[in-house]
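Working notes, beginning with the structure itself.
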Amino acid sequence: MVGDDLKTELPTGETVRFAHLDYAASAPCAEAAAQAVAELLPRYGSVHRGTGVRSQTSTVAYEVARDVVAEFVGARPGDQVIFTRNTTDALNLLARALPPSTTTILFEGEHHANLLPWPNQLRLPAPKSADEAINAVENALGGITGPAVVTVTGAGNVTGEVWPIREISDIAHAHDVRVIVDGAQLAPHLPANLDHLGADFLAFSGHKLYAPFGGGVLAGRADWLDAAEPYLYGGGASATVGDRPGDLTWATGPARHEGGTPNLLGAVAIAAVCAALLVADRDALHEHEQRLLTRLRRGLPEGAREVSLFGPDHPRVGIVSLALPGHDPAQVAHRLGREYGIGVRAGQFCAHPLVRRLVNAEKSDTCDAPGAGLLRASWGLGSTEDDVDRFTKALAEILRS
Ligand code: PMP
């Protein structure tokens with residue numbers, strides 16, 4: 001990873017390697033992404049517009065990037081890959097592309113990006129197990145008469161738990177209902193393949209997938225996307241424009257929702273990481289993350305409690321959120337950064353309803369921390385045992401003091 005050896009100075013004057021345990025917010029940049037961007041920069045130009053070598057190179061690079069991402073997400077014939085700014089952008093785009101009067105079935109524990117954009121919501125309470133999630137979707141589908149869609153996270157950004165997407169998709173499809181997956185925390189850790197997940201749409205962000213150049217992806221069924229109003233009106237999205245207002249035809253295909261000059265470097269960076277992950281031993285990467293999870297759990301000091309919806313044995317990615325009864329997670333995070341050179345995150349992680357629920361569940365014990373919230377550590381490619389050990393040791397010292 002670029003910047004693996006970043007150093008930071010502590011108040012004691014000591015200089016230490018920065019331990020980045022905030023991958024769930026933004027992961028470091030992969031060498032493959034940095035290299036792809038560096039290689040393109042000297043030839044960089046406008047996509048889809050010019051005739052010179054810069055523009056032609058850039059157009060090819062952009063469309064090749066789309067093809068690589070299509071392979072990464074296991075796009076089926078007829079699926080589209082649209083480059084967006086991030087997951088939030090991708091899900092907002094899709095929310096506006098839903099057929100009229102569609103009811104969106106979702107759980108209250110979603111990240112705000114997958115909670116707020118949807119019209120006509122049927123919000124289900126956060127489930128206590130994967131089976132409960134599946135049953136809740138099935139029951140909800142049974143009660144719906146009009147068009148509906150289910151949107152669900154692939155892996156939660158608070159608990160890291162992996163959701164039963166395949167099962168939910170199978171049930172939804174049996175009711176002729178499509179499934180949208182928020183893959184922001186899934187794609188960096190586990191294969192996020194539309195076909196294997198059985199999902200109809202998938203969204204994810206480049207900056208969490210080791211490609212921090214401002215890009216994101218929405219992939220999935222073309223029919224809704226081609227029938228929808230363009231996400232942004234302007235050049236690229238329009239095919240022909242007449243003299244009078246409204247006298248125009250819109251493009252179909254990805255261009256319809258990529259109005260304006262696209263983020264070429266963002267797309268190329270994402271594709272570089274996708275290409276690297278396509279040939280990587282993802283089982284080995286997953287096992288490494290799981291080893292760090294086990295190590296972190298073993299090292300957790302008394303007074304730090306891992307929160308979960310589905311219980312400790314449920315599969316999860318490299319994310320752990322902790323309740324710290326009697327302590328303010330924000331202050332603890334601040335001290336970890338300043339006094340120990342460790343970057344984590346504290347608060348409610350843009351999932352307020354879920355964190356409120358998890359914190360309240362803890363409150364029934366001893367949690368009286370001012371400023372409700374949790375402390376989150378998250379890791380991925382390039383994370384080390386030393387990162388985890390430093391975190392648990394520092395946390396123990398802070399909780400003792
Ligand atoms: N969904 C999940 C599960 C996330 O973790 C995040 C980012 N924290 C988002 C959506 C939104 O991602 P972005 O900020 O890149 O749009």
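Each ligand, and each atom within it, is numbered from 1 in the order the structure gives. Start at 1 with the first residue, then count along the sequence. As a basis for the values below, the full set of heavy atoms in this structure was taken, side chains included, without hydrogen atoms, waters or symmetry mates. Computed from a predicted structure; not experimentally measured.
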Set of residues satisfying side chain to side chain contact (heavy atoms under 4.5 Å, CB included) with respect to Asp176, sequence neighbours excluded: none
ring-ring contact (aromatic ring centres under 6.0 Å, His included) pairs, two or more places apart, involving residues 121-170: Phe107-Trp163, Trp163-Phe310
NZ/NE/NH1/NH2 to OD/OE distance under 4.0 Å, Asp387 and Arg17: yes
Salt bridge present between Glu306 and Arg297 (N-O < 4.0 angstrom): yes
Need the list: ligand 1 N/O atoms against protein N/O atoms, distance under 3.5 Å, rounded to one decimal.
unit_1, atom_1, unit_2, atom_2, d
ligand 1, 1 (N), Asp182, OD1, 3.2
ligand 1, 1 (N), Asp182, OD2, 2.5
ligand 1, 5 (O), Gln185, NE2, 2.7
ligand 1, 8 (N), His111, NE2, 3.2
ligand 1, 8 (N), Lys208, NZ, 2.8
ligand 1, 15 (O), Ser205, OG, 2.6
ligand 1, 15 (O), His207, NE2, 2.6
ligand 1, 16 (O), Asn86, OD1, 3.4
ligand 1, 16 (O), Thr87, N, 3.3
ligand 1, 16 (O), Thr88, N, 2.9
ligand 1, 16 (O), Thr88, OG1, 2.5

Within residues 254-270 or reaching into it, pairs that qualify as side-chain hydrogen bond (donor to acceptor under 3.5 Å, both in side chains) - sequence neighbours excluded: Tyr62-Glu258, Arg66-Glu258
N-O pairing of Arg345 and Asp22 below 4.0 Å: no
